[in-house]
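Presented below is the structure to which this report refers.
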Amino acid sequence: MTKKRKVALTVAAAGAAGAAAWAGSKIFSKPEGRTSVPALDYDVPIILAHRGGAGLAPENTMPAFERAAGLGAHGFEIDVHLTKDEEVIVFHDETLERTTNLDGRPGDYTLAELEDADFGFRHAGEDGSYPFRGKAGGAVSLRRLLEDFPHLLINIDMKDAPDTYEGGLLPSKLWRVIEETDARHRVVVTSFHDSQIDRFNLYARNQIALGAGEQEVRRAYLAFASGFGHLYQPRADVFQIPVRSGIFPLDLPPFVRFLGRLNIPVHYWTINDRPTMERLIAAGAKGIVTDRPDLAAGLAGGPENEVRDSPEDLV
């Protein structure tokens, strides 16, 4: 037997073995979708204002949240950190320099100190001025956000890393705020760190809708792309993802349908142009996370009102 013949037979045998394994796994696997949760019970695709609508007002400030709510957004996509006195605030970055008049980390300051800061200090207008300086207020606590907007969905991303002091405490502190504000039915909790989601769920005990971490997204996409999607058992209630991760397109309609069959809606971030919003909804997206909720006016159940004034008119 020639070497080429041996190689061909080996490849054929490997292919046959793979096909047999795939067929066997189809017989014995019993994929189960996620149980529906109240927080994600929407009849139409939803619009979530990213950091309150960072394209219209200083991110994570009350002017931004009030603006987005006035436009009819279904809710907010936010990030949270723990303060020095172990309160949960709405903030994205690891440090304060990019958006505020303070230096250092959120964990270096108490809630009162952060509330007295200027979180609109570095929000520039189109003319290069800073129209929100001294007018946007300071840090917004998660408790205040939940209490001031009791009718809106709040998607919460835990930012403090699990190996930090603040990250070690954040899951329990977050659960306490959600429990004390009776917000279980209208929040989604997630993190890029899958271990943080797991830690949070030790307290929540599946009472809260969970978003997918990075590892969960990779696991789902690998199962889908490999043809072994029937073996995938989801550990999240919603996927909030970009349209692409590295070389991998995450906006493929078949991938959206694959997750949909498991009762997992897909929300895409951060989408700031109308044509892309429309394309993703046509592909099956159930949510759009955007800095510009004004651009979603009339979009599949999105905000009803177009913006009639400029962001500077808020100040």
Side-chain angles (χ1 to χ4, degrees), residues 38-79 90 92 99 119-120 123-127 131-132 135-137 140 145-146 148-157 185-188 190 209 211 238-244 250-251 253 256 260 265-315:
L40 299 169
D41 185 17
Y42 284 86
D43 295 329
V44 295
I46 62 174
I47 305 302
L48 298 178
H50 182 238
R51 305 180 196 175
L56 301 178
E59 63 187 64
N60 300 315
T61 64
M62 286 308 294
F65 294 124
E66 290 167 353
R67 174 69 164 201
L71 284 167
H74 297 89
F76 311 126
E77 193 280 339
I78 63 166
D79 311 278
V90 181
H92 176 269
T99 58
F119 273 44
H123 186 90
E126 292 182 0
D127 61 357
F132 285 94
K135 300 175 181 178
V140 177
L145 190 71
L146 290 169
D148 283 6
F149 300 95
H151 58 298
L152 297 184
L153 172 67
I154 312 294
N155 188 97
I156 304 166
D157 188 338
H185 64 289
R186 60 185 186 88
V187 298
V188 174
T190 189
V238 59
F239 273 45
Q240 290 135 346
I241 52 180
V243 297
R244 177 174 291 274
L250 301 180
D251 57 349
V256 177
V266 180
H267 299 171
Y268 285 99
W269 53 263
T270 304
I271 311 303
N272 293 328
D273 68 278
R274 178 71 177 225
T276 304
M277 293 178 185
E278 294 174 344
R279 177 179 66 79
L280 292 171
I281 288 177
K286 299 300 183 183
I288 298 293
V289 179
T290 180
D291 293 321
R292 295 289 305 274
D294 56 310
L295 297 181
L299 179 67
E304 295 297 329
N305 302 314
E306 298 282 0
V307 168
R308 301 299 181 187
D309 48 10
S310 66
E312 287 75 10
D313 291 332
L314 289 172
V315 302

Problem - CA sep, side-chain torsions, deciding dist, call: Ile271, Val243, side chain to side chain contact (heavy atoms under 4.5 Å, CB included) - result: CA-CA 9 Å; Ile271 311 303; Val243 297; 4.1 Å; yes
Practice task
Search all heavy atoms of Pro131 against all heavy atoms of Gly125 and return the closest pair with its distance.
Solution key: CD-N, 3.7 Å
Exercise for the section: Could you pull out all residues at least two apart from Asp148 that satisfy salt bridge (Lys or Arg N to Asp or Glu O under 4.0 Å)? Expected result: Arg144
Completion exercise
When every non-hydrogen atom of Gly52 is compared with those of Ala68, the smallest separation belongs to O-CB, 3.4 Å
Problem - From Ile47 atom CD1 to Ile281 atom CD1, the distance as rounded to the nearest 0.5 Å - result: 5.5 Å
Completion exercise
CG of Asp273 to CZ of Arg292, rounded to nearest 0.5 Å, is 10.5 Å
Handout entry: Shortest non-hydrogen contact from Phe132 toward Pro63
Key = CE2-CB, 4.4 Å
Completion exercise
Those residues at least two apart in sequence (or on a different chain) that pass side-chain hydrogen bond (donor to acceptor under 3.5 Å, both in side chains) with Asn155 are Gln240
Practice task
Would you indicate whether the side-chain heavy atoms of Leu153 and His74 approach each other to under 4.5 Å?
Solution key: no
Handout entry: Value rounded to 0.5 Å, distance of OG1 in Thr61 from CZ in Arg67
Key = 12.0 Å
Handout entry: side chain to side chain contact (heavy atoms under 4.5 Å, CB included) between Val188 and Glu77, worked out
Key = CA-CA 9 Å; Val188 174; Glu77 193 280 339; over 6 Å; no
Exercise for the section: Among residues two or more places apart or on two chains, list those pairs meeting salt bridge (Lys or Arg N to Asp or Glu O under 4.0 Å) that have a residue in residues 39-48. Expected result: none
Problem - Residue list, ring-ring contact (aromatic ring centres under 6.0 Å, His included) with Phe65, at least two apart or on another chain - result: Phe76
Completion exercise
With sequence neighbours left out, the residues meeting side chain to side chain contact (heavy atoms under 4.5 Å, CB included) with Ala285 are Tyr268, Leu280
Fill in the blank from the handout: Here the gap from Ile46 atom CD1 to Lys286 atom NZ, rounded to the nearest 0.5 Å, amounts to 11.0 Å
Practice task
Kindly write out the residues that satisfy side-chain hydrogen bond (donor to acceptor under 3.5 Å, both in side chains) with Thr290, not counting sequence neighbours, or none if the list is empty.
Solution key: Asn272
Handout entry: Result of checking Asp79, Ile78, Thr99 against His92 for side-chain contact (heavy atoms from CB on, under 4.5 Å)
Key = Asp79
Practice task
State, to 0.1 Å, how close Ala54 and His123 come at their nearest heavy-atom pair, and which atoms those are.
Solution key: O-CE1, 3.8 Å
Completion exercise
To the nearest 0.5 Å, atom CZ of Phe119 lies from atom CE of Met62 at 13.5 Å
Handout entry: Any pair counted as salt bridge (Lys or Arg N to Asp or Glu O under 4.0 Å), so long as it reaches residues 55-65, sequence neighbours left out
Key = Arg51-Glu59, Glu59-Arg98
Problem - Residues which pass side-chain hydrogen bond (donor to acceptor under 3.5 Å, both in side chains) with His50, listed by chain and number, not counting sequence neighbours - result: Asp291
Exercise for the section: Could I get the full list of salt bridge (Lys or Arg N to Asp or Glu O under 4.0 Å) partners for Glu278, not counting sequence neighbours? Expected result: Arg274
Exercise for the section: Answer whether the closest heavy-atom distance between the side chains of Asp251 and Thr276 falls below 4.5 Å. Expected result: no
Practice task
Could you pull out the closest heavy-atom pair between Ala209 and Val187, with the gap in Å?
Solution key: CB-O, 3.7 Å
Exercise for the section: Please tell me if the side chains of Pro293 and Leu56 come closer than 4.5 Å, counting only heavy atoms from C-beta onward. Expected result: yes
